[in-house]
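All chains are named by letter (A, B, ...) in the order of the sequence lines, taking the proteins before the strands, and each is independently numbered beginning at 1. Computed from heavy atoms alone, side chains included, the values below leave out hydrogens, waters and symmetry copies.
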Amino acid sequence: DSGVTQTPKHLITATGQRVTLRCSPRSGDLSVYWYQQSLDQGLQFLIQYYNGEERAKGNILERFSAQQFPDLHSELNLSSLELGDSALYFCASSEEGNTEAFFGQGTRLTVV
Amino acid sequence: QQPVQSPQAVILREGEDAVINCSSSKALYSVHWYRQKHGEAPVFLMILLKGGEQKGHEKISASFNEKKQQSSLYLTASQLSYSGTYFCGTGSGGYQKVTFGTGTKLQVIP
């Protein structure tokens, strides 16, 4: 157990819908990352937050947004979902930006 | 930019050695190595922060050549448990994001 909790584990939704993925980082970790992993693909960086502020952005679509709350948990919002958004979404946390990151078990999103 | 990993896939027999390479076109501050088993979350192996530094984790070690912007992961006397996809991640310093390569699939067979 990495100490990073992601909910839900599985999500099935229709095209055009909006979903929210939640991540609770390890206790004490200030940095949260979101990654997207499509079937048998690598980890695509989406966005990073550090202590509530956005630190870095990857190839995150405009339909996607995220935030980190004062209690350090983070949410990733995906809207106007398309079939191609089906993927495993990982959240990871670390103490700082360049230290060991711990990954959650991921949320498997299926858009039908 | 995404670091480039090679090889893309490798099959080993138990006890054999392997090397996985990671290179970047950008100046690097850090290199991170993770292993992901099928259907599971990536698990941290090691992080290298200084040029030329070598680190080890049991029979897995890595080197980082800051000047060449390259890192290599060395797996010695491989075990069945080493099977999985290995990702290198590169960081450009400070609080910068870690960008992962496309991964190297490693399969160890008896």
Between Ser74(A) (side chain only) and Gln67(A) (backbone N and O only), is there a donor and an acceptor less than 3.5 Å apart?
yes

Interface moiety of Gln5(B) toward chain A, non-hydrogen atoms closer than 4.5 Å
neither

Between CD on residue Gln105(A) and CG on residue Asp1(A), distance to nearest 0.5 Å:
8.0 Å

Going by side-chain hydrogen bond (donor to acceptor under 3.5 Å, both in side chains), Tyr89(A) matches just one of Arg108(A), Gln44(A), Gln36(A). Which one?
Gln36(A)

Any idea how Tyr35(A) and Phe103(A) line up, ring-wise: parallel (<30°), tilted (30 to 60°), or perpendicular (>60°)?
tilted

For the residue pair Asn21(B) and Ser72(B), confirm or rule out a side-chain donor-acceptor distance under 3.5 Å.
yes

Close approach to chain B in residues 18-27 of chain A, criterion heavy atom under 4.5 Å:
none

Which atoms of Thr102(B) come close to chain A, meaning under 4.5 Å heavy atom to heavy atom: side chain ones, backbone ones, both, or neither?
backbone

Is there a donor-acceptor contact under 3.5 Å from the side chain of Gln17(A) to the main chain of Ala14(A)?
no

Taking the side chain as everything from C-beta on, heavy atoms only, tell me whether Gln37(A) gets closer than 4.5 Å to Phe100(B).
no

